[in-house]
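The block underneath contains the structure these notes are about, expressed in structure tokens.
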2 protein chains.
Amino acid sequence: LSCITQPATLGTVQRKSFAGLNCSVAQCLEIVGERWTLLLVRDLLLGVSRFDAFEARLGIARNVLAQRLAYLQESGIVERVPYQNNPVRYDYRLTAKGQDLGKVVTAMREWGDRWAAPDGPPVLLIHDTCGHPTTLVPTCSHCGERVRRSDVHHEPGPGAADPNRTPGTVPV
Amino acid sequence: LSCITQPATLGTVQRKSFAGLNCSVAQCLEIVGERWTLLLVRDLLLGVSRFDAFEARLGIARNVLAQRLAYLQESGIVERVPYQNNPVRYDYRLTAKGQDLGKVVTAMREWGDRWAAPDGPPVLLIHDTCGHPTTLVPTCSHCGERVRRSDVHHEPGPGAADPNRTPGTVPV
């Protein structure tokens with residue numbers, strides 16, 4: 001548990017860092033595990049790029065928004081490109097690392113559509129290849145078959161701190 | 001923006017509620033958008049079920065842990081089943097709604113494996129059907145083809161507050 005005593009700052013918020021945890025879920029949460037941050041990533045994925053547009057869409061305080069964007073830039077999730085000088089103004093865009101968070105946002109959207117959208121999905125994902133609304137079906141990168149929750153188990157990987165310990169046993 | 005002024009409590013933490021936002025990502029974050037919560041769900045997915053085990057694995061204060069578990073129960077994500085009387089002790093288990101968060105946790109794990117695991121993945125997902133480590137390849141629920149980020153676009157769905165507004169335009 002000494003691995004989670006290092007404090008991290010997110011703007012002015014002091015919090016325990018997950019950086020020392022031997023877990024890729026925790027490493028993802030270390031960067032996007034703040035509620036506003038994934039809504040910012042959602043907007044960036046939809047093509048929103050300007051500070052004022054984020055502010056209007058999220059109703060977030062300007063200083064908090066500036067902190068979140070700076071943290072995402074520092075973490076390699078967004079890059080900013082000037083679109084105006086005097087005064088300088090920036091477009092914010094996702095890097096490849098940031099675009100790859102699209103899968104996390106999509107998984108959240110599909111969960112919300114299923115469990116918290118009584119009037120139906122607010123947004124549909126259209127698959128341009130076939131032209132139909134789609135939900136994503138996970139298939140195996142090795143055999144191509146559909147992967148269900150009952151068809152998988154977890155094993156320690158090459159980056160495991162303790163290769164002999166089954167994931168899920170105490171301690172982490 | 002009046003839709004996000006209703007305060008919500010998560011234990012003792014006052015925060016703005018996302019409940020009024022017309023967005024399934026926000027509805028998912030309304031429930032799991034707190035860093036510890038998704039690590040709790042991760043552990044529940046791995047079969048961890050006891051309060052003391054969560055405490056040992058997460059290094060989280062007992063009162064905070066109790067609040068998080070109560071909130072997950074209230075939100076229909078976990079249910080608790082007594083395994084002992086005098087004093088009564090509970091096993092915590094994911095409901096179907098909670099198990100469905102597995103896709104969110106998996107998407108986070110895969111992102112962390114790719115971008116924040118310099119020694120390789122700490123945990124592997126093994127596909128029992130073929131016996132190999134797997135990463136999940138998203139395919140279309142309609143046509144079965146692989147879905148790439150460049151192959152999709154978003155449209156307003158049946159639950160859209162404003163069916164004429166393209167997702168991503170201001171305001172949300």
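Reckoned from all heavy atoms, side chains included, excluding hydrogens, waters and symmetry mates. Order of the sequence lines sets the chain letters (A, B, ...), proteins ahead of strands, with each chain counted from 1.
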Look at [options] and state which one has the largest set of heavy-atom pairs under 4.5 Å with chain B.
{"options": "Arg114(A), His153(A), Arg109(A), Arg149(A)", "value": "His153(A)"}
{"options": "Gly112(A), Gly47(A), Ser24(A)", "value": "Ser24(A)"}
{"options": "Asp162(A), Leu39(A), Thr139(A), Leu125(A)", "value": "Thr139(A)"}
{"options": "Leu101(A), Val105(A), Asp119(A), Leu38(A)", "value": "Leu101(A)"}
{"options": "Ala116(A), Cys143(A), Cys140(A)", "value": "Cys140(A)"}

If you count heavy-atom pairs under 4.5 Å with chain A, which of [options] comes out on top?
{"options": "Cys130(B), Pro163(B), Pro156(B), Ser141(B)", "result": "Ser141(B)"}
{"options": "Thr129(B), Val48(B), Asp113(B)", "result": "Asp113(B)"}
{"options": "Asp128(B), Thr106(B), Leu46(B)", "result": "Asp128(B)"}
{"options": "Ile126(B), Val32(B), Thr166(B), Leu136(B)", "result": "Ile126(B)"}
{"options": "Glu145(B), Glu110(B), His127(B), Arg146(B)", "result": "His127(B)"}
{"options": "Pro167(B), Ala107(B), Pro122(B), Gly168(B)", "result": "Pro122(B)"}

**OP:** Kindly compute the distance separating CD1 (Ile77(B)) from CD (Gln99(B)), expressed to the nearest 0.5 Å.
**Re:** 11.0 Å
Original post:
For the atom pair CG (Leu58(A)) and CZ (Phe18(B)), what is the distance rounded to the nearest 0.5 Å?
Top reply: 7.5 Å
Original post:
With only heavy atoms counted, which part of Ala53(A) is less than 4.5 Å from chain B, the side chain, the backbone, both or neither?
Top reply: both
Subject >> Residue Arg148(A) versus chain B: region with a heavy atom under 4.5 Å >> reply: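 For Arg148(A), there is no contact with chain B at all, as no heavy atom is under 4.5 Å.
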Original post:
With under 30° as parallel and over 60° as perpendicular, where do the rings of Phe54(A) and Tyr92(A) fit, or are they tilted in between?
Top reply: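 The arrangement is perpendicular - the two ring planes meet at more than 60°.
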Subject >> Contacting moiety of Leu45(B), where chain A heavy atoms sit under 4.5 Å >> reply: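 For Leu45(B), backbone and side chain are both near chain A.
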**OP:** Verify side-chain contact (heavy atoms from CB on, under 4.5 Å) between Leu29(A) and Met108(B), making sure each step is shown before the conclusion.
**Re:** CA-CA 8 Å; Leu29(A) 287 167; Met108(B) 288 194 161; 3.7 Å; yes
Original post:
Checking Trp111(B) side chain against Lys97(A) main chain: does a donor-acceptor pair fall under 3.5 Å?
Top reply: yes
Original post:
Within the side chain of Gln73(B), is there an N or O that forms a donor-acceptor pair under 3.5 Å with the backbone of Gly76(B)?
Top reply: no
Original post:
Side chains of Glu34(A) and Thr37(A): donor-acceptor distance under 3.5 Å anywhere?
Top reply: yes
**OP:** Going by the salt bridge (charged side-chain N to carboxylate O under 4.0 Å, His left out) test, name the single residue among Arg62(A), Arg50(A), Arg68(A) that passes it with Glu55(A).
**Re:** Arg62(A)
Subject >> Carboxylate-amine/guanidinium proximity below 4.0 Å for Arg80(A) and Asp91(A) >> reply: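 Here Arg80(A) does not pair with Asp91(A) in a salt bridge, since their nearest N and O are not under 4.0 Å apart.
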